[in-house]
Asker: 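My questions will all concern the structure given below.
The structure presented is a predicted model; accordingly, all values stated were derived computationally and were not measured.
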Amino acid sequence: MHDTAPKPPQAVMLQMLMGMWHAQIISAIAQLGVADAIAGGTASLDELARHCKANPDALHRLLRAGATLDIVAVTSPKQFRLTPLGETLRSNVAGSIRDFVIAETAPGHWLPWGRLAEAVRRGGSMAAETLGIDPWTYYARNQEEGLFFARGMSNLSAMVSQDVARVYAPRQDARRIVDVGGSEGVLLRGLLERAPNARGVLFDRQDVVAHVQPSDRVEIVPGDFFAGVPTGGDLYLLKSILHDWPDDKCEEILKNCARAAGDGARLLVVEMLLPDEGPSPVTFMDMNMLVMLGGRERTAGQYSELLRRCGWQAEDVIPTGGMFSVIEAVKIS
């Protein structure tokens, strides 16, 4: 008979605290390439140690912890296979979040998060003080970590783009779609599949788009959205951009989009939305924005008011079925 008695609060708190250990265990498995080495079958400890260039005893200990987290399963002594959770740590496969896991547990994120209490005391980001430079400059200078971050954003965009494309199709008169701060352009390409007569512009910092290949339908334009954005768009996209910034910086971005847009142009804001009140997992991302960038998550009402101040009228809020929602706005004449 199973014990259904509730755990003591201290045990629950300790289990929650171990979440930071869990994150680094998962990250180590991702960084070592364990999932790629096992993919599609089983692998012995010795095979994995050779593939991962790891100490066999230490790797065995890591995999035992990974089995406890259901990342791998033990099929026989020192023989392992991937679980569905472990499959998400493979490289270059649909549904992978390997790069995002590595980016979120690397120094650029991990070190500032260690100063969350200070961020709350001060009411602002600790990233620049901790890293010595702002996060965007940090990623530009630490290119390997910056690439993991860009690809991690693409990991999320791949999931979000499917959700967005399922609930939203660009209007037939949208011939030029501009993805502002679009990283590798995953969302843009997803929407272009639903708009066969449109062409896209992928706009982001030079260090982000330098490795992205253009295509017949996607033009790559490097730049800074605080200085201006490509003109003449019928539809502008802002996915996971506004939550990075406080209101005054968001207003700069939104006003630049409005100045660049033609009459009747539309804007899609794709963000997680806080409920007006009550608990929500979006509150965790809100903490990430506080400690990393000084940004914040917002309610639908707060986004609508922010848009209105910058020349846009919010017309619809469309849930995607996932954690993100789509706010569709039209340029105010």
Side-chain angles (χ1 to χ4, degrees), residues 15-16 18-45 47-49 51-54 58-75 79-110 113 139 144-166 182-187 189-190 211 239-240 270-272 280-282 284-285 287-288 292 320-325:
Q15 187 174 20
M16 293 171 68
M18 288 179 188
M20 67 175 184
W21 300 352
H22 298 174
Q24 288 291 358
I25 289 165
I26 295 166
S27 181
I29 290 172
Q31 292 177 62
L32 290 169
V34 170
D36 290 335
I38 300 176
T42 61
S44 70
L45 176 63
E47 291 170 333
L48 292 172
H51 183 276
C52 301
K53 297 181 174 61
L59 182 61
H60 188 209
R61 294 165 68 182
L62 176 67
L63 292 174
R64 286 188 309 194
T68 302
L69 294 175
D70 197 31
I71 304 300
V72 296
V74 181
T75 59
Q79 193 83 13
F80 302 89
R81 66 170 173 81
L82 283 182
T83 65
L85 276 178
E87 290 283 343
T88 67
L89 300 181
R90 291 176 59 190
S91 303
N92 303 317
V93 297
S96 171
I97 56 170
R98 176 178 182 263
D99 295 307
F100 184 73
V101 167
I102 293 173
E104 290 297 307
T105 52
H109 264 72
W110 195 259
W113 259 95
Y139 283 131
E144 183 178 9
E145 191 175 337
L147 189 56
F148 276 121
F149 179 76
R151 289 176 176 167
M153 294 302 98
S154 293
N155 288 165
L156 291 187
S157 291
M159 294 184 291
V160 176
S161 67
Q162 294 175 3
D163 292 338
V164 172
R166 188 176 61 252
S183 190
E184 296 185 326
V186 175
L187 176 60
R189 290 181 172 89
H211 66 283
K239 187 200 77 68
S240 300
V270 181
E271 294 280 5
M272 299 180 187
S280 165
V282 181
F284 302 143
M285 183 60 79
M287 288 293 92
N288 191 43
M292 287 303 305
T320 65
M323 290 188 68
F324 285 79
S325 293

Asker: Should the ring pair F149 and Y139 be called parallel, tilted or perpendicular, given that the plane angle runs from 0 to 90° and is split at 30 and 60?
Answerer: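 Aromatic pair F149/Y139 classed parallel.
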Asker: Do V72 and R81 have side chains that approach each other closer than 4.5 Å (heavy atoms only, starting at C-beta)?
Answerer: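 V72 does not reach R81 side chain to side chain.
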Asker: Do the side chain of T42 and the main chain of I38 share a donor and acceptor less than 3.5 angstrom apart?
Answerer: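 Checked: no pair found.
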Asker: Would you say that M20 contacts W110 through its side chain, given a criterion of any heavy-atom pair below 4.5 Å between the two side chains?
Answerer: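 They are in contact (side-chain heavy atoms under 4.5 Å apart), so the answer is yes.
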Asker: Rounded to the nearest 0.5 Å, what separation is found between the CD1 atom of I25 and the OG1 atom of T68?
Answerer: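 Spacing of CD1 (I25) from OG1 (T68) equals 8.0 Å.
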Asker: Between the side chain of R98 and the main-chain N/O of T88, is any donor-acceptor distance below 3.5 Å?
Answerer: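 Flag not set: sc R98 to bb T88 has no pair under 3.5 Å.
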Asker: In the structure I gave you, are the side-chain heavy atoms of F80 and V74 within less than 4.5 Å of one another anywhere?
Answerer: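 In short, these two side chains touch, coming nearer than 4.5 Å.
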Asker: Is it the case that atom CD in Q24 sees more than 12 heavy atoms from other parts of the structure closer than 6.0 Å?
Answerer: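 Yes.
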Asker: State, yes or no, whether a side-chain contact exists between M285 and M323 at a heavy-atom distance under 4.5 Å.
Answerer: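 Not in contact.
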Asker: Which value, rounded to the nearest 0.5 Å, describes the distance between H60 atom NE2 and L48 atom CG?
Answerer: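 Those atoms lie 10.5 Å apart.
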Asker: Tell me whether S161 contacts the main-chain N or O of S157 through its side chain, where contact means a donor paired with an acceptor under 3.5 Å.
Answerer: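 Side chain of S161 to backbone of S157: a pair is present.
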Asker: Would you please say whether a donor-acceptor pair under 3.5 Å links the side chains of E87 and T83?
Answerer: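 The answer is no; no qualifying pair exists.
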Asker: Side chain of T105, backbone of V101: donor and acceptor closer than 3.5 Å?
Answerer: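 Confirmed, T105 side chain pairs with V101 backbone.
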Asker: Judged by atom type as modelled, is there a donor-acceptor pair below 3.5 Å linking the side chain of N155 to the main-chain atoms of F100?
Answerer: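 Flag set: sc N155 to bb F100 pair under 3.5 Å.
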Asker: Is it true that a side-chain atom of Q31 and a backbone atom of I102 form a donor plus acceptor pair closer than 3.5 Å?
Answerer: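 The answer is no, because no donor-acceptor pair under 3.5 Å joins these two groups.
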Asker: Would you say the side-chain atoms of R189 pair up with the backbone N or O of E184, donor to acceptor, closer than 3.5 Å?
Answerer: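 A pair under 3.5 Å: yes.
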Asker: Taking side chain as C-beta onward, heavy atoms only, is V160 less than 4.5 Å from T320?
Answerer: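 The answer is no, as the side chains (C-beta and beyond) never meet within the 4.5 Å cut-off.
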Asker: With side chains defined as the heavy atoms from C-beta onward, is the minimum distance between V270 and L187 less than 4.5 Å?
Answerer: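 In contact.
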Asker: Does a side-chain heavy-atom distance below 4.5 Å link N288 with E104?
Answerer: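 N288 reaches E104 side chain to side chain.
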Asker: Give a yes or no on whether the backbone of S91 and the side-chain of D36 come within a donor-acceptor separation of less than 3.5 Å.
Answerer: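 It does hold such a pair.
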Asker: OG of S183 to CE of M153: how many Å apart, nearest 0.5 Å?
Answerer: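 Going from OG on S183 over to CE on M153, the span is 7.5 Å.
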Asker: Taking E47 for the side chain and S44 for the main chain, is one N or O donor matched with an acceptor at less than 3.5 Å?
Answerer: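 Checking the backbone N and O of S44 against the side chain of E47, a donor-acceptor pair under 3.5 Å is found.
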